[in-house]
Amino acid sequence: MTLAAPESEQAPPYYAASAEEIALFEHCHAQQLAVMLKGPTGCGKTRFVERMAWRLNRPLITVACHDDLSVSDLIGRFLVRDDATVWQDGPLTRAVREGAICYLDEVVEARQDTVVVIHSLTDHRRLLPIDKTGETLTAAPGFQLVVSYNPGYQHALKDFKPSTRQRFVALEFDFPTFERETQIVAHEAGVARDTAHALVELARRMRRLEDRGLAELPSTRLLVATARLIACGIEARQACRVALIAPLTDDPEVAGALADLVDVALV
């Protein structure tokens, strides 16, 4: 769980908008609507939330969801300290009390019985019952629930129930356009535009291999990591090998095919 400071205490996170997502999110926040961000890994969903928290001057509490995430992990639990039992708020409870944006990253990875606890926060009630303390909290002004997930990874056992999905406004994300992705890589990594251009072109070619054994597509995040290695003096092919190819596959044949693309792209 991470907590980000509001706008007055930090510089704006860099985010290059692709459409009307910023205005749509602002309207959702004003109308107290929960938001679902849908899109592939590493396409900018988390950075978008960071930017919007800064723009709206709200604290941001981020939770990375996983199979073992329990209701207590979100809401809180009793702890023993100095021979006394004390209550400790979980990240969701803190966000409700403080009027923060609570971002559940890859929420579909959490157990269904855990996800159900957000239901009363995503409709007109905006309530969070805490069974262990007997409290029922009303969300403070400014509270907003935001979740993200990658539809490409989902299946019947790892998908939202309709009763959960229909509580959110869904914003669709995808990999940026060629020019925008080039701009992002150049800005984030501090590399020359021609280097960023070559890496984005390489990623575009790799993404065409989705139906040829490449289960995970190269994300903008991986391109930025690769470009940062290049910026600090690592030879471009080596940077691609360790920061782009190796994270994508363990299959020697697929890795070889990707290496061939690198050789062609970085001539």
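Only this structure's heavy atoms are used, side chains among them; waters, hydrogens and symmetry mates stay out.
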Worked verdict on Arg111 versus Asp67 for salt bridge (charged side-chain N to carboxylate O under 4.0 Å, His left out): CA-CA 6 Å; Arg111 303 197 310 253; Asp67 289 338; over 6 Å; no
If you group Ile, Leu, Val, Met, Phe, Trp and Tyr by side-chain heavy-atom gaps below 4.5 Å, do [X] and [Y] land in one group?
X	Y	result
Ile234	Leu266	no
Leu229	Ile245	no
Trp87	Val117	yes
Leu137	Phe78	yes
Leu222	Ile184	no

For a quick test of reading the model, state the closest non-hydrogen atom pair linking [X] to [Y] and the distance between them.
X	Y	result
Pro40	Cys43	O-SG, 3.1 Å
Cys102	Phe143	CB-CE1, 4.1 Å
Ala231	Ala189	CB-O, 3.6 Å
Glu106	Cys65	O-CB, 3.3 Å
Ala227	Val191	O-CG1, 3.2 Å
Val35	Cys28	CG2-CB, 3.6 Å

Establish, from distance only, whether the side-chain atoms of [X] and [Y] form a donor-acceptor pair under 3.5 Å.
X	Y	result
His29	Gln144	yes
Glu50	Tyr14	no
Thr164	His119	yes

With heavy-atom distances below 4.5 Å as the criterion, would you say the side chains of [X] and [Y] are in contact?
X	Y	result
Leu244	Leu202	yes
Arg167	Met36	no
Thr138	Leu128	no
Tyr149	Lys45	no
Phe168	Leu33	no
Phe173	Lys38	no
Thr220	Pro176	yes
Met52	Glu26	yes

Criterion salt bridge (charged side-chain N to carboxylate O under 4.0 Å, His left out) on Arg97 and Glu135, from CA distance to verdict: CA-CA 12 Å; Arg97 292 190 196 274; Glu135 292 180 272; 3.3 Å; yes
How long is the span from the [atom1] atom in [X] to the [atom2] atom in [Y], to the nearest 0.5 Å?
X	Y	atom1	atom2	value
Leu223	Arg228	CG	CZ	12.0 Å
Leu60	Trp54	CG	CH2	14.0 Å
Ser18	Glu181	OG	CD	12.0 Å
Thr226	Arg221	OG1	CZ	12.5 Å
Thr46	Tyr103	OG1	OH	3.0 Å
Asp89	Arg77	CG	CZ	12.0 Å

Under a 3.5 Å distance rule, please check whether [X] uses its side chain to pair with a backbone N or O of [Y] as donor and acceptor.
X	Y	result
Glu235	Gln238	yes
Glu201	Leu199	no
Asp73	Ser70	yes
Ser120	Leu127	yes
Arg58	Gly99	yes

Criterion side chain to side chain contact (heavy atoms under 4.5 Å, CB included) on Val200 and Glu179, from CA distance to verdict: CA-CA 9 Å; Val200 173; Glu179 282 302 316; over 6 Å; no
[X] pairs by side-chain contact (heavy atoms from CB on, under 4.5 Å) with which of [options]?
X	options	value
Val147	Thr122, Leu104, Val115	Leu104
Val71	Leu92, Thr114, Asp131	Thr114
Ser148	Leu171, Val108, Val107, Asp105	Asp105

Step-by-step side-chain hydrogen bond (donor to acceptor under 3.5 Å, both in side chains) determination, Gln88 to Arg94: CA-CA 9 Å; Gln88 178 173 286; Arg94 288 178 57 197; over 6 Å; no
Cation-pi check, Arg204 onto Phe178 ring (under 6.0 Å, within 45° of axis): no
Steps toward side chain to side chain contact (heavy atoms under 4.5 Å, CB included) verdict (Thr195, Ile230): CA-CA 9 Å; Thr195 300; Ile230 295 172; 4.2 Å; yes
Side chain to side chain contact (heavy atoms under 4.5 Å, CB included) between Thr136 and Ile130, worked out: CA-CA 6 Å; Thr136 297; Ile130 305 178; over 6 Å; no
For residues 248-258, run the donor-acceptor check on the side chains, cut-off 3.5 Å, and write out each pair with its distance to 0.1 Å, sequence neighbours left out.
| from | atom 1 | to | atom 2 | distance (Å) |
| --- | --- | --- | --- | --- |
| Thr249 | OG1 | Asp251 | N | 3.0 |
| Asp251 | OD1 | Glu253 | N | 2.8 |
| Asp251 | OD1 | Val254 | N | 3.2 |

Worked verdict on His27 versus Glu20 for side chain to side chain contact (heavy atoms under 4.5 Å, CB included): CA-CA 11 Å; His27 286 300; Glu20 301 298 321; over 6 Å; no
